[in-house]
Structure formats: C-alpha cells, structure tokens
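Scroll down for the structure; my scribbles are underneath it.
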Number of protein chains: 2
Amino acid sequence: MPDRTAAPDSTASPRRSDATRTAILHAARERFAADGYERATIRAIARDARIDPSMVMRYYGSKEGLFAAAVAVDLKLPDLGAVPRHEVGEALVTHFLDLWESNEVLTALLRVGVTNQAGAERVQDIFRDQLLPVARAVCPDPEQVATRAALSASQLLGLALARYVLRLAPAAALHRREIVAWLAPTVQRYLTAPNP
Amino acid sequence: MPDRTAAPDSTASPRRSDATRTAILHAARERFAADGYERATIRAIARDARIDPSMVMRYYGSKEGLFAAAVAVDLKLPDLGAVPRHEVGEALVTHFLDLWESNEVLTALLRVGVTNQAGAERVQDIFRDQLLPVARAVCPDPEQVATRAALSASQLLGLALARYVLRLAPAAALHRREIVAWLAPTVQRYLTAPNP
DNA sequence: CGTCATGGCCAACACGCGTTGACCACCGCG
DNA sequence: CGCGGTGGTCAACGCGTGTTGGCCATGACG
C-alpha cells in the first residue's frame, strides 16, 4: 500500500477515491477553522463530506493524522529580496491579508495551535521554515533576523486573531486598505529599522 | 441561598467553604490556561483542588459558570490621561507585560476565547469595557478611538499569543526591555499618531 | 466468467465527559 | 441533648467520542 495520506497531486495514477479524500480535507479544514481541534469531531467532518466516519480513519489513520494533512500549508511568501526595500512591510501585510481571506486553513491552524500541542508545533514549523528565510533576505543584522521576524509575526497573527477569531468589532470592521496603511509601517520598522 | 458564585471577598460572613471555593478557582484558571476549555475537565480541576467533582457543580452550577467566575478579570489599566502623552505606549506595554507574567488568568482567557464562543465574548467585553475607555482619554479623534484601540489590542494580544501560547522561540526569548523598546513605539503610534 | 483489490457502510467497543441525587460527618445553636 | 444546615463523598446516568472489524458492492483484469 503506497502512502496516500498526502494531497492527491503530482505523479502516479489518480485513484477513484481522490474525490473523497479531498472532500474530507475540505470539510476538515472548515471544521477545524470553525471549532478548533477538540470540538471538530470526525463524525461531523465525515457528515460534511457525506461519507462514513470510518473512511476518515482508513485514509488518514487518526484524527491527528487528518489534522496534519489538513494544515499542510504553503504560505507562498514573495521573495522580499525582489521588492523595493521600503515596500517590504506593505508587501507582507497585503500578502497575509490575501492568505487569510482566501483560505480557511490559516484560521484552522491558529485555532488549533492555541489549544493543541501538535498544532502549536505546526505553527512553529511554518514560522521557522517559511517566514524566517524570507526575513533573512531583508534584515540588516543577521543576528536580529529571528527577533525581527517574530515581532512581525506577532503583529500579523495578532491582527488575524482580533479580526478573524475573536472578532473584536472594530478590528473586523476595518477595511483592507486601512489595515495595510496602519500595519505596513509597523512591519516595515520591525524588519528594516536600524534600531529598536 | 445568597449568590456565592463570586469571589469570597467584600462584605458578609466568610464561610468555611471559602478556602475550597478559591482552591477551585485557582485550579480552574491553571487548567483553562494550560489546556483550553474543552480539555480542561471538571474532573481534573477537582482533582487539583483535592475535592469531588460534584462540589464544582454545587458552587458554580456548571462548567460554563465556573469559567465565567474564573476569568472575571480586572486589567487595572492605568489612567492614560495622567501619563505624559509621549509615554502612553510604553505605559501600556509595560502594564500588559506585568499582567501576563503575574497572572495566568489572561492566558486562560486567550486560550478559551479562541475555541469557545462564550470565551470570545468575554474578551470582547473586556476590550469594550476596559481598554476602550482608557484609549478614549488619549486618542485625538473620538471617531477613531475604536480603531486605534483595536490596533493596539492586536499588537498586544499578538505578542502574548506568540510568546506565551504558541511559544515561538524568538518571541519567548525576548527580554522584557526589548519588548518594551520594540512595541512601545508601535502602540504609541496606533494611539496618538495623527494619521495612518 | 471468476477473482480480487478497492471503495464504502454499519454496528459495536471502551472510554471519558458533564451532571445528578442519595448519602454521610460535622459544627453551632436552641 | 437534639437537630438542622453546611461541607463533602460516592456511585451512577446518559451521551458523544475516537477507533475497530466485519460485511457488501463494484469494476478492472485474467
């Protein structure tokens, strides 16, 4: 039996069950995003995908396995080295806004990361493997890259938290361009300002 | 039966059970902070408090009632009107750092607020009743108070999220004075800068 | 046509949960 | 002394959970 827990892409013959697999993943992302890890039950996910709960176990092994497959996310961050230096803040903020609004996988990741140890580690991985390298391309002092990337992450995650998860009314009411106007200078300073 | 669900302080005769009540609240805050709402079981909280689970029900009615009692929090925010205008950012950041590090109740509130509807509403209440009025004392344009307070909250919550909940390594490693040095100008700008 | 892997459903298991109500021990007041 | 309220334990209930294994349909292939 080949390892079919990954996304049904790339090489090799497509199976008849690929539609079911993606339906499960889709429903899982929705439920994890809406309910968090514990309250997103396999039974509910299976109901959304119109299949039997035991199929989820067959294809993903366990609830943890399903979660891991559901939040395997590529942020597709732009190469900040190719962006004018004084626009990196704006580039990052707009990119993250696009991500949050196009895809519920980030909401799922954040919700689960807050409650679940495995989820938190997933967030740490993404920070280390995807955000850190991008920050490295733009930070002045290599020793400060981690700090500056973490500060940027704190502001970007904090806005997503207030806006998409906690739904603080004024944060949810902000227009996209307002968010960019306020946050871009902050991230810009965190990443490129010479000094604290 | 008088309403004894609140903290055992203020007027009226202290009961013999007050020690148990506070022990339950203490254990509840620890568990909610460490595990979130769903995984913080009444049984585990009772075990920590060395009593029977049914006592929790007697004193707090239900798990929801226990949570409400456990996260009734007063941020004790300083009067920003009495602070030099160019120091309000620093004052807020240091105050919040004190809060997060002295008291696990904020961690509990954040963890539960992310997973639980009632928890999210609690955070909204605190934002509206405690942070908004303080921001009003320092914001230039009254129409922008809510926006500016929400932006400040996003940065403060975001740092707490990265540092105390997700435990991103570089955010957890930051020294207190570094956090103040980086975040104070951000919050200062959100609250008092004339323009986006 | 037979056969066998594949996709899918159903029924059940063991477990932990929030919650309930019956029961006991003690202390203070009449 | 008696007795009622207060603080506390114990055992159980009903429910929903993740997970398991057995059974059926179907379609590709020899």
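Chain A is the first sequence line, chain B the second, and so forth, proteins listed ahead of strands; every chain is numbered from 1. All of these numbers come straight from a predicted model, not from anything done at the bench.
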Next on the checklist: With a cut-off of less than 4.0 Å, is there a side-chain N or O of A:S62 near OP1 or OP2 of D:dG18?
Outcome noted: no
Checklist outcome for this item: Min and max contacting nt of DNA chain C in 5' to 3' order, chain A heavy atoms within under 4.0 angstrom, are C:dG7 to C:dA12
Checklist outcome for this item: Nearest heavy-atom approach of A:Q188 to A:H86 is OE1-O, 3.3 Å
Next on the checklist: Could you walk me through whether A:Y190 and A:S154 satisfy the side-chain hydrogen bond (donor to acceptor under 3.5 Å, both in side chains) test, starting with their C-alpha distance in whole Å, then the side-chain angles of each, then the deciding distance to 0.1 Å, before giving a yes or no?
Outcome noted: CA-CA 10 Å; A:Y190 289 161; A:S154 82; 5.6 Å; no
Next on the checklist: Taking the basic N atoms (NZ, or NE/NH1/NH2) and the acidic carboxylate oxygens, is any pair closer than 4.0 Å for B:R163 and B:E101?
Outcome noted: yes
Checklist entry - Between B:D125 and B:R128, is there a salt bridge with N-O shorter than 4.0 Å? => result yes
Next on the checklist: Rounded to whole Å, please give me the gap between CG in A:L66 and C1' in D:dT17.
Outcome noted: 15 Å
Checklist entry - So A:F32 and A:Y37, would you call those rings parallel, tilted or perpendicular, with 30° and 60° as cut-offs? => result parallel
Checklist entry - In whole angstrom, what separates A:K63's NZ from D:dT17's P? => result 9 Å
Next on the checklist: Tell me the interatomic distance from B:R39, atom CZ, to D:dT17, atom P, rounded to whole angstroms.
Outcome noted: 17 Å
Checklist outcome for this item: So, with a heavy-atom separation below 4.0 Å from DNA chain D, the residues of residues 42-55 of chain B are B:R43, B:I51, B:D52, B:S54, B:M55
Next on the checklist: Check B:R176 with B:D98, please: is the shortest side-chain N to carboxylate O separation under 4.0 Å?
Outcome noted: yes
Next on the checklist: If we check side chain to side chain contact (heavy atoms under 4.5 Å, CB included) with A:W100, which of these qualifies: A:V105, A:L159, A:L156, A:L106?
Outcome noted: A:L106
Next on the checklist: For A:I51 and A:V56: C-alpha separation, side-chain torsions, deciding distance, then whether side chain to side chain contact (heavy atoms under 4.5 Å, CB included) applies.
Outcome noted: CA-CA 8 Å; A:I51 46 116; A:V56 178; 4.0 Å; yes
Checklist entry - To the nearest Å, how far apart are B:R58 CZ and D:dT6 C1'? => result 8 Å
Item to check | Between C1' of D:dG22 and CE of A:M57, the distance in whole Å | outcome: 16 Å
